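Remember, it's a predicted structure, so these values are computed and weren't measured experimentally. Labels below follow one simple rule: chain letters A, B, ... track the order of the sequence lines, proteins then strands, and each chain is numbered from 1.
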Amino acid sequence: MIRTRVKELVDACFQVGVRQGLWSAGGAGKFTVEIPKHENQGDFSTNIALVLAGIEKKNPRQIAAKVREILEQERELVDTVEIAGPGFVNLTIKTEVWQQLLKIIEKSGPDFGRSTVGAGKRVMVEFVSANPTGPLSVGHGRQAILGDAIARLLEATGHDVYREYYYNDAGRQMRVLGESARARYLELLGRPFTFPEDGYQGEYIYDIGRKLVDQYGEDLVERESVEPFKKMAEQTIFEDISSTLERMDIRFDNYYNERSLYENGYIDSVVQELKSKGLVYEKDHATWFKTTEFGQEKDRVIIKSSGEPTYRLPDIAYHREKFKRGFELLIDIFGSDHIATVPDVMAGVEALGYDPSKIKVILHQFVTLMRDGKQVKMSTRKATFVTVDELLDEVGTDAARFFFMMRKPDSQLEFDLDLATRESQENPVYYVQYAHARACSILRQATEKEVEIVACGDADLRLLTEPEEMALLKLMGAFPTLIESAALDHEPYRVIFYLMELAGQFHSYYNRHKVISDHAALSQSRLCLVAELRKVFGNGLTILGLTAPQTM
RNA sequence: GCGCCCGUAGCUCAGCAGGAUAGAGCAACGGCCUUCUAAGCCGUGGGUCCGGGGUUCGAGUCCCUGCGGGCGCGCCA
């Protein structure tokens, strides 16, 4: 937005300098335009002089003086140019440029913040990908929200996004699940049963048992095959998972079954291709993939001596299929416990002739739940983990989404249940939503008091001169750049931080200045500000999949 | 033992390709509702940026090293 215009201006200035022989063209693209930390450092700051001084071996402040000379020729955008510190060039933008920004937001409406940088780029986001062995746990919840938020950000920046859930219903896990269901089925019928040693102990297995009793009565008592038990378990659990995801407003474009990789011969063809490239060998009756040729410490088994593939073979085949299906960027969201598979998949796709740098793996750390200041103990084995459904029951979807997005994936996430449920000022979710509701409320008040709300073009925006108003305008102006960089870096948490900051400034403004007052012209101008603020809050919340309430 | 991530205020965390005087929220303390929703605002206190070296004009940010925590390191997924 405005920063883009300033960057263009500095770029032009750089070119002028090159033409005048002040510096060489070598520094092109190396300098930046940023919003400085401190207010007394202008609206924008560029390090162009420092960068060029490094290249040219000259005094940065002297170069900065030249930069200022050139920039001062321009009078559309720039108010003042100052040289500060070691050679930063600080620019102040004309007040009216900021005021006119409201018209741009008004015109863009719901599109303000959205862009087309990703236009035409097909990207797949693979996430959740939990096998249907039980309800989603809070760890999956973090992943689900993170993946969906990234997908939404990419959509907001024009990418063609495809959400996929990858699962396997054929492995040992599922067999054990089926046997667990059989045991509960027999137990419910009062028959003798043996519960599998490493079986699934969760309460939900009884639900599956009950469904089996309802549907089949005693018909399955003598059944040898585990299939009907497994099938019922899978079906029931998938329904459960889907409804949980639905509650969070998460929908997948496709559920990809690992089994289809076998049925379509993709597994075999991967092995054949690796063989033909001389990248596999037999040892101890197993088939090994020469991952050492791709920088790893040791080779890895892809087919066990039993003839069964290891997990990494389908993983590789699956990623090759993603490429073949025409995606240009593959985003994988995994829990950090899956870190070991990443190098294997990367080596595999590289071996098959695809570019591993197009796979972006986002590993997220674990979630700890806090209640009464103490950690809630969770164990998958004992089935004492907290499910996403329970979490949603307790805190609601907005709070869950907000808290899961609030931290960057790298850090462990501490989820404070007390804070998330508190309906008071400490709760950051409401802080932002309340800002939106408050803006709506002011606009409602204006209508009730019959204060005319005019278009920004018809208001005298020059009346917006308070420091708080200028600060708000500047922050609003940064929104599109923020969305773009958050999308391209796959970092939803940055949008959260932005919205909290904007909300803070708005609440502060509200408490200090009356929007609707006796001064008619001023009221109208301020109503324009509030109306456009409402849009920025609304757009930001919507892009993240949060609701933007009109009243609270 | 090896690999990845983390270590910033009492607590939870920001710090955006190394940049100009380290920030926010919560917790603590003190104020603000006959006026647009107090789910809000204003003010106060609070830091050896884990320790030690190094690179640089400049390091919370990069490199090395030590310490502490998490996750991995399988012919489990």
Side-chain angles (χ1 to χ4, degrees), chain A residues 30 32 34-38 40-41 45 47 50 53-54 60 84-88 90 129 131 133 168 171-173 258 283-288 296-298 300-312 314-315 335-343 363-366 368 370 373 406-416 419 422-435 437-446 448-449 451 481-482 485-486 489 491 493-494 496-497 500-501 503-504 506-517 523 526-527 530 551-552:
Chain A
K30 299 230 171 102
T32 58
E34 283 167 16
I35 299 172
K37 282 183 198 141
H38 300 278
N40 57 6
Q41 292 164 357
S45 175
N47 60 355
L50 292 164
F88 288 99
N90 296 339
S129 294
N131 287 339
T133 57
N168 176 22
R172 202 192 74 91
Q173 276 183 17
E258 181 182 318
K283 192 180 92 181
D284 303 333
H285 306 293
T287 305
W288 296 69
Q296 290 197 45
E297 300 218 346
K298 50 197 271 194
R300 303 286 178 183
V301 171
I302 51 173
I303 300 175
K304 302 184 232 176
S305 52
S306 66
E308 285 176 297
T310 60
Y311 65 90
R312 58 179 71 86
D315 278 0
S336 62
D337 54 336
H338 281 62
I339 188 164
T341 79
V342 176
L363 293 162
H364 70 267
Q365 300 290 322
F366 288 144
T368 48
M370 301 293 285
M406 197 161 56
R407 302 283 175 244
K408 55 183 169 190
D410 281 345
S411 36
Q412 289 174 44
L413 190 152
E414 189 165 297
F415 198 121
D416 186 336
L419 182 61
R422 220 169 298 167
E423 283 201 0
S424 71
Q425 54 191 9
E426 300 102 332
N427 194 331
V429 187
Y430 298 117
Y431 189 77
V432 175
Q433 291 187 323
Y434 185 48
R438 180 166 256 178
C440 292
S441 170
I442 294 169
L443 295 168
R444 268 197 309 274
Q445 277 294 322
E448 276 170 29
K449 292 181 179 170
V451 179
T481 327
L482 171 97
S485 62
D489 295 341
E491 291 179 334
Y493 77 93
R494 278 163 54 182
I496 295 279
F497 276 89
M500 302 223 310
E501 164 87 25
F506 177 50
H507 288 313
S508 180
Y509 172 63
Y510 173 90
N511 275 277
R512 193 164 296 170
H513 303 285
K514 292 287 285 181
V515 173
I516 302 165
S517 65
S523 299
R526 288 184 170 171
L527 283 168
V530 171
T551 59
M552 287 179 76

Under 4.0 Å, counting only non-hydrogen atoms across every strand here, what does [X] touch: a base, just sugar-phosphate, or nothing?
X      : result
A/P36  : base
A/D410 : sugar-phosphate
A/T32  : base
A/H513 : base

- Nearest-nucleotide wise, let me know which of A/S411 and A/I516 is further upstream toward the 5' end of RNA chain B.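 Checking each residue's closest nucleotide, the 5'-ward one belongs to A/S411.
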- Could you check A/E491 against A/N511 and say which one's nearest nucleotide on RNA chain B is further toward the 5' end?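 Between the two, 5'-proximity favours A/E491.
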- Determine the Euclidean distance between corresponding C1' atoms of B/rG18 and B/rC75; express it in Å to zero decimal places.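 About 47 Å, rounded to a whole number of Å.
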- Item | Integer angstrom distance from the P of B/rG53 to that of B/rU44 |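 Comparing P positions in B/rG53 and B/rU44 gives a spacing of 36 Å.
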- What nucleotide among B/rU37, B/rA77, B/rA17 has an atom nearest to a side-chain atom of A/N168?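 The answer is B/rA77, which lies nearest to the side chain.
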- Heavy-atom side-chain proximity of A/N47 to A/F88 below 4.5 angstrom: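 Yes, close enough: below the 4.5 Å cut-off.
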- Find out whether the Lys NZ or Arg CZ of A/R438 is both under 6.0 angstrom from the six-membered ring centre of A/Y510 and within 45° of the ring's axis.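 Because its charged atom sits under 6.0 Å from the ring centre and within 45° of the axis, A/R438 does stack over A/Y510.
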- Task: Give the dot-bracket string for RNA chain B, reading 5' to 3', where a pair is Watson-Crick or G-U wobble with both distances under 3.5 Å, ( ) marks pairs inside the strand, [ ] marks pairs crossing earlier ones, | marks a partner on another strand, and . marks unpaired.
- Result: (((((((..((((.........)))).(((((.......))))).....(((((.......))))))))))))....
Distances under 3.5 Å only, N/O to N/O: pair up the protein atoms with those of nucleotides 68-72 of chain B.
| unit_1 | atom_1 | unit_2 | atom_2 | d |
| --- | --- | --- | --- | --- |
| B/rG70 | O4' | A/Q412 | NE2 | 3.4 |
| B/rC71 | O2' | A/S336 | O | 3.0 |
| B/rC71 | O2' | A/D337 | N | 3.4 |

- Query: What orientation do A/Y509 and A/H513 show, parallel under 30°, tilted 30 to 60°, or perpendicular over 60°?
  - Reply: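 Because their plane-to-plane angle lies in the 30° to 60° range, the rings of A/Y509 and A/H513 count as tilted.
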